[in-house]
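Below is one structure, written out as structure tokens, with a few remarks after it.
On a predicted model such as this, the values are computed, not experimentally measured, just so you know. Basis for what follows: all heavy atoms, side chains included, without hydrogens, waters or symmetry-related copies.
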Amino acid sequence: MDDLYRELILEHYKHPHNHGRLEHPDISAEEHNPLCGDRIRLDLRIEHDVITDVRFDGRGCAISQASASMLTDELIGMPVEEAKRFSKERLLDLIGIPLEHNPVRIKCALLALKTLKAGLYGVGHAPDDDDL
Ligand code: ZN
């Protein structure tokens, strides 16, 4: 793993952005990654179809928690329609380390996105992991 990106991940892991819970969130979702034991909960505030605030809470490995921290930074001010189309490539770009060939780690990295989609689309209507 590239040292620069390793540093970035550890920085987000130690000092996560938008960490905690929202009071009375408009959308709340929680997902877990049984392969690694990671868990992410996302609370979203939606006003006029735009995400105006977001918090996440969770536990697990550095990649899962850092990617949630990075994703939440992107989401604030984003229209819901854009967030629904937020691609895994876009999130992996933010994380900056090549995980395409690491099936376990990629589940860690994409857990926050999976949680977001579950919240926005509703349980049972979110895309499969492969189509995030
Ligand atoms: Zn993990």
Nearest heavy atoms of R85 and K117, plus distance in Å | C-NZ, 4.3 Å
Separation between NZ (K114) and CG (L132), nearest 0.5 Å, reads 8.0 Å
Got a second to check how far E11's CD is from R6's CZ, nearest 0.5 Å?
-> 15.0 Å
Any chance the side chains of R55 and T72 put a donor and an acceptor closer than 3.5 Å?
-> no
Parallel, tilted or perpendicular: rings of F56 and H19 (30°, 60°) | perpendicular
Are V50 and L75 connected in a single hydrophobic cluster, I mean Ile/Leu/Val/Met/Phe/Trp/Tyr linked by side-chain heavy atoms less than 4.5 Å apart?
-> no
Is the side chain of S69 donor-acceptor paired with the backbone N or O of P16 at a distance under 3.5 Å, no angle test?
-> no
Side chains of R59 and D38: does their closest heavy-atom pair fall under 4.5 Å?
-> no
Compare all side-chain heavy atoms of E74 with those of L94 and state whether any distance is below 4.5 angstrom.
-> yes
Just by modelled atom types, is the P25 backbone N or O under 3.5 Å from a matching donor or acceptor in the D43 side chain?
-> no
Do the non-hydrogen side-chain atoms of I46 and T52 ever get within less than 4.5 Å of each other?
-> no
Nearest heavy-atom approach of Y13 to A62 is CD1-CA, 3.5 Å
Check against salt bridge (Lys or Arg N to Asp or Glu O under 4.0 Å), D57 and R41 = CA-CA 5 Å; D57 196 5; R41 180 199 156 95; 5.7 Å; no
Rounded to the nearest 0.5 Å, how far does CD of E7 lie from CD1 of I9?
-> 10.5 Å
